[in-house]
Amino acid sequence: IARRRRTARKASRLLAGAAGTPIEVSGAENLPAGEAWVVAANHMSYLDGFVLTAALPPRAAFVVTRELLGKTIPRFILRRLGALVVERFDPKRSAEDANRLIQAIRQGQPLVMFPEGTFDRAPGLRPFRMGAFLAAAETGTAVVPVAIQGTRSMLRGDEWFPRRGRARLVIGRPVVPDGNDWAAAVRLRDAVRAEILRNCGEPDLES
């Protein structure tokens, strides 16, 4: 899996260059070195995973929703890259998935999550689900807020033919949980979301 992830990172960078769609990254120095971390990113487009693959260290594992495995190409790629699958709608499965994420973090596995859970054509930052933040608080793991810009206009909704454009990632400073209970996870979520909202360039849809 490690070799496949390195290959995917190189391929994503080469493809971005060949397509004339540069990926700008600021704040790369904010990613912790030599330890587990959780990246929480806003979700604008199917291009988001491609952009993050090109920009983040290849040892990170993506956390994806089970619905995405219903599409043949994403299912093949994600399984080959060792993605972790979570359930959004079944409470029992969701609890089991949360435990798997906690175990992965404790084993030193960095994770990449989209806490909005989904996206659509309309711009705006949606409410964040709690899974990533509960796992981070339970394990005392820092969450790195990553704001994605530009991908929504490059590939909208369920379209599969991207337009030329420019993607940008703003990697914020890690936010360390101040406890391991639900209240600490909520504070962690709110702090991370506020940082992403500040940098994503889209309106707040939580209210």
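If you're wondering where the values come from, they're calculated on a predicted model, not measured in any experiment. We count residues from 1, following the sequence as given.
Taking Val25 as the reference, Ile23, Ala28, Ala55, Leu169, Ile171 meet the side chain to side chain contact (heavy atoms under 4.5 Å, CB included) condition, with sequence neighbours excluded. Checked against salt bridge (charged side-chain N to carboxylate O under 4.0 Å, His left out), Arg106 has the following partners two or more places apart in sequence or in another chain: Glu138. Under the ring pair (Phe, Tyr, Trp, His ring centres under 6.0 Å) criterion, Phe114 pairs with His43, sequence neighbours left out. In this structure Arg173 satisfies the side-chain hydrogen bond (donor to acceptor under 3.5 Å, both in side chains) test with no other residue, sequence neighbours excluded. Shown here are the salt bridge (charged side-chain N to carboxylate O under 4.0 Å, His left out) partners of Asp178, two or more places apart in sequence or in another chain: Arg187. Legend: residues meeting salt bridge (charged side-chain N to carboxylate O under 4.0 Å, His left out) with Asp181, ordered by chain and number and at least two apart, are absent. Listed by chain and residue number, Glu195 satisfy the side-chain hydrogen bond (donor to acceptor under 3.5 Å, both in side chains) test with Arg198 (two or more places apart in sequence, or in another chain). For Arg126, the side-chain hydrogen bond (donor to acceptor under 3.5 Å, both in side chains) criterion is met by Asp120, not counting sequence neighbours. Not counting sequence neighbours, the partners of Glu202 by the side chain to side chain contact (heavy atoms under 4.5 Å, CB included) test are Met44, Pro123, Arg152, Cys200. For Asn180, the side-chain hydrogen bond (donor to acceptor under 3.5 Å, both in side chains) test picks out no residue, with sequence neighbours left out.
By the rule that hydrophobic residues join a cluster once side-chain heavy atoms approach within less than 4.5 Å of another member, Val64 and Val146 end up as members of one cluster. With hydrophobic clusters built from ILVMFWY side chains whose heavy atoms lie under 4.5 angstrom apart, Val175 shares a cluster with Met113.
Separating the CZ atom in Phe128 from the CD1 atom in Ile196 is a distance of 4.0 Å, to the nearest 0.5 Å. Atom CZ in Arg121 sits 11.0 Å away from atom OG in Ser45 (nearest 0.5 Å).
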Exercise. Do Thr151 and Tyr46 pass the side chain to side chain contact (heavy atoms under 4.5 Å, CB included) test, and can you show the C-alpha distance, the side-chain angles, and the key distance before you say yes or no?
Worked result: CA-CA 8 Å; Thr151 57; Tyr46 285 123; over 6 Å; no
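Contact of the Leu56 side chain with the Leu31 side chain is registered, since non-hydrogen atoms from C-beta on lie closer than 4.5 Å. Using a 4.5 Å cut-off on side-chain heavy atoms (C-beta onward), Leu111 and Leu101 make contact. Considering only heavy atoms from C-beta on, Pro177 stays 4.5 Å or farther from Thr141 through its side chain. Side-chain contact between Phe133 and Val38: absent, with no pair of heavy atoms (C-beta onward) separated by less than 4.5 Å. A heavy-atom distance below 4.5 Å is not found between the side chains of Arg189 and Pro115.
Remark: the backbone N or O of Leu125 is paired with a side-chain donor or acceptor of Arg193 at under 3.5 angstrom. Trp37 places a side-chain N or O within 3.5 Å of a backbone atom of Pro32 that can act as its donor or acceptor partner. Counting only distance, with no hydrogens or angles, the side chain of Asn42 and the backbone of Ile148 share a donor-acceptor pair below 3.5 Å.
Residues Ala137 and Leu188 share a closest heavy-atom pair of N-CD2, 4.3 Å.
Applying the under-4.5 Å side-chain rule to Ile, Leu, Val, Met, Phe, Trp and Tyr, the cluster around Leu205 consists of that residue alone. Grouping Ile, Leu, Val, Met, Phe, Trp and Tyr by side-chain contacts under 4.5 Å, direct or through others, puts Val186 with Met130, Leu134, Trp182.
Under the 4.0 Å criterion applied to side-chain N and carboxylate O atoms, Glu116 and Arg129 are not assigned as salt-bridge partners.
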